[in-house]
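Structure first, commentary second.
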2 protein chains.
Amino acid sequence: MFVSMTDRKKEILSLAQALFREKGYAATSVRDIAAAAQVEPASLYSHIKGKEELLDAICFEMADKFLKAIGEVNDIYFDAVQKLAMAVKNHIQLLTEHPDASVVFLRDWRYLSDDRKDEFIKLRDRYEEGFRAIVRKGVDEGAFNEVDVRFAALTILSSLNWVVEWYHEEGKLQPNEIADQLTKFVLTGLQKELPVTYGLVTN
Amino acid sequence: MFVSMTDRKKEILSLAQALFREKGYAATSVRDIAAAAQVEPASLYSHIKGKEELLDAICFEMADKFLKAIGEVNDIYFDAVQKLAMAVKNHIQLLTEHPDASVVFLRDWRYLSDDRKDEFIKLRDRYEEGFRAIVRKGVDEGAFNEVDVRFAALTILSSLNWVVEWYHEEGKLQPNEIADQLTKFVLTGLQKELPVTYGLVTN
DNA sequence: CATGGATACGAACATTCGTTAGGCAAATAT
DNA sequence: ATATTTGCCTAACGAATGTTCGTATCCATG
């Protein structure tokens, strides 16, 4: 992560991520970050232009990762169910691989400057559109129920995103298992299919 | 809301809610709230003990509402599916009826003081336990798939909570319609049940 | 050896922060 | 009519905020 950067700067970004996640961007001071980096506050400015650059880097790096992930899915897979499964898997993969950055990405992007925030929202919408496209494809092909596409895509993403709130690496569930369970949940829901009664044709 | 309070204090709390929602608790200053109330900052302290009292009131008022809602559900309804439908309906009802307070409740509770935060988390866990109980009941009765109860309850709540991010009162979907769609989604998922082939007994 | 970038420092800046003190006028209660 | 409460004011406090300035040290490259 954070390519084309000094090692020290990457380190600072990494520390900032953790602090932003823990306390929130607005409640994290430059002095907090400096303390974490074991450096005087002023020294940070040898590496960064300002506090917002840190937030900016985190948000747009993650946006880039998510967009690449959904791009691959829509390039490679054909079946809507397969696409969805892969999109979920990639999404969970990113959330669990970069838990700090993900929380900041999901929660603190609105502290970006107005211009950058607008840009960010566009990227996020492109990502959501990736999910909408999958749902739409599923509906068109008759594989999915005729749901409101926008509504469904947002609901799916919602159920995925909360994972960062309770996921810990020590936990018993592995990212792929989480993804599998979520995919199954999204596709078939909670309710058990009632077994077809012997001899009765229900259609 | 905010029973046993001066009208003026209720007004201030209402304004604070909107600001906290818009900018986040940490990024909202007492002066912002004072300006919204068209009053000098110092005047607020005739009504409140401090900034945190506002956050505290919002979080615990909402916690109370949510707990009452799930309490009713578990008192009245018997069937797990019915319980779930009602829990979802009540949850969406509260989210859409108090959108500002809900966002603060869901997002900014961690800026409570350590003591109050601990209390809050207990209440939140009791609410989640209400959902776990429903899922558990459904599994025990054979109505639901044999899912991880904790995992399922959190996923359901996640998919519900994101509603506050995109719900606007002008929108075409009414709270009850949102609740119905979400209930259906949670119960049966996205995938269309394949029609049973004529004459073939699939069980 | 000289140069320049990377990294860090102490000191200080202007602002903003949450909050307190003390007072004053209008509304309310006795 | 008097006393009390309510609501707001001006002024100011100390602390914390993000950031700038000028300088010093290290290290790799010319």
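Sequence lines set the chain letters: A, B, ... in the order given, protein chains first and strands last, and positions in each chain run from 1. For the numbers below, each heavy atom of this structure counts, side chains included, while hydrogens, waters and symmetry mates do not. Since the model is a prediction, treat every value here as computed from it, not as a measurement.
Considering only side-chain N and O atoms, S43(A) lies under 4.0 angstrom from the phosphate OP1 or OP2 of dC9(C). At the phosphate of dA8(C), OP1 or OP2 sits under 4.0 Å from a side-chain N or O atom of R8(A). Remark: T6(A) is in phosphate contact with dT7(C), judged by side-chain N or O atoms under 4.0 Å from OP1 or OP2. OP1 and OP2 of dT6(D) both lie 4.0 Å or more from every side-chain N or O belonging to H47(B). Here S29(A) reaches the OP1 or OP2 of dT17(D): one of its side-chain N or O atoms lies under 4.0 Å away.
The CD1 atom of I12(B) sits 9 Å away from the P atom of dG7(D) (whole-angstrom rounding). Following rounding to the nearest Å, L54(B) (CG) and dG18(C) (P) show an atom-to-atom distance of 11 Å. In this structure, CD of E53(B) is placed 10 Å from P of dT19(C), rounded to the nearest angstrom. Taking atom CD1 on I33(B) and atom P on dT16(C), their separation rounds to 17 Å, with Å as the unit. A straight line from CZ of F20(A) to C1' of dG18(D) spans 12 Å, rounded to a whole angstrom. dT20(D) atom P lies 15 Å from atom NZ of K51(A), rounded to whole Å. Atom pair R31(A):CZ and dT17(D):C1' shows a separation of 6 Å (rounding to whole Å applied). Rounding to whole angstrom units, CG of residue L44(B) and C1' of dT20(C) are separated by 14 Å.
Nearest-nucleotide positions on DNA chain D place Q38(B) closer to the 5' end than the other of K49(A) and Q38(B).
A 4.5 Å side-chain heavy-atom check between D108(A) and Y111(A) finds at least one atom pair inside the cut-off.
When the options L54(A), L13(A), V39(A), I48(A) are evaluated for a side chain to side chain contact (heavy atoms under 4.5 Å, CB included) with I33(A), the one that passes is L54(A).
Atom CD of E141(B) and atom CG of D79(B) lie 6.5 Å apart (nearest 0.5 Å).
Looking at heavy-atom distances under 4.0 Å, V39(A) makes contact with sugar-phosphate atoms alone, never a base. Across all strands, E40(B) comes closer than 4.0 Å to base atoms (heavy-atom distances).
Using a 30° and 60° split on the angle between ring planes, F151(B) and W166(A) fall in the perpendicular class, above 60°.
Side-chain proximity of P41(A) to the nucleotides dG10(C), dT19(D), dA11(D) is greatest for dT19(D).
We find that D148(B) and K172(A) are joined by a salt bridge, their nearest charged nitrogen and carboxylate oxygen being less than 4.0 Å apart.
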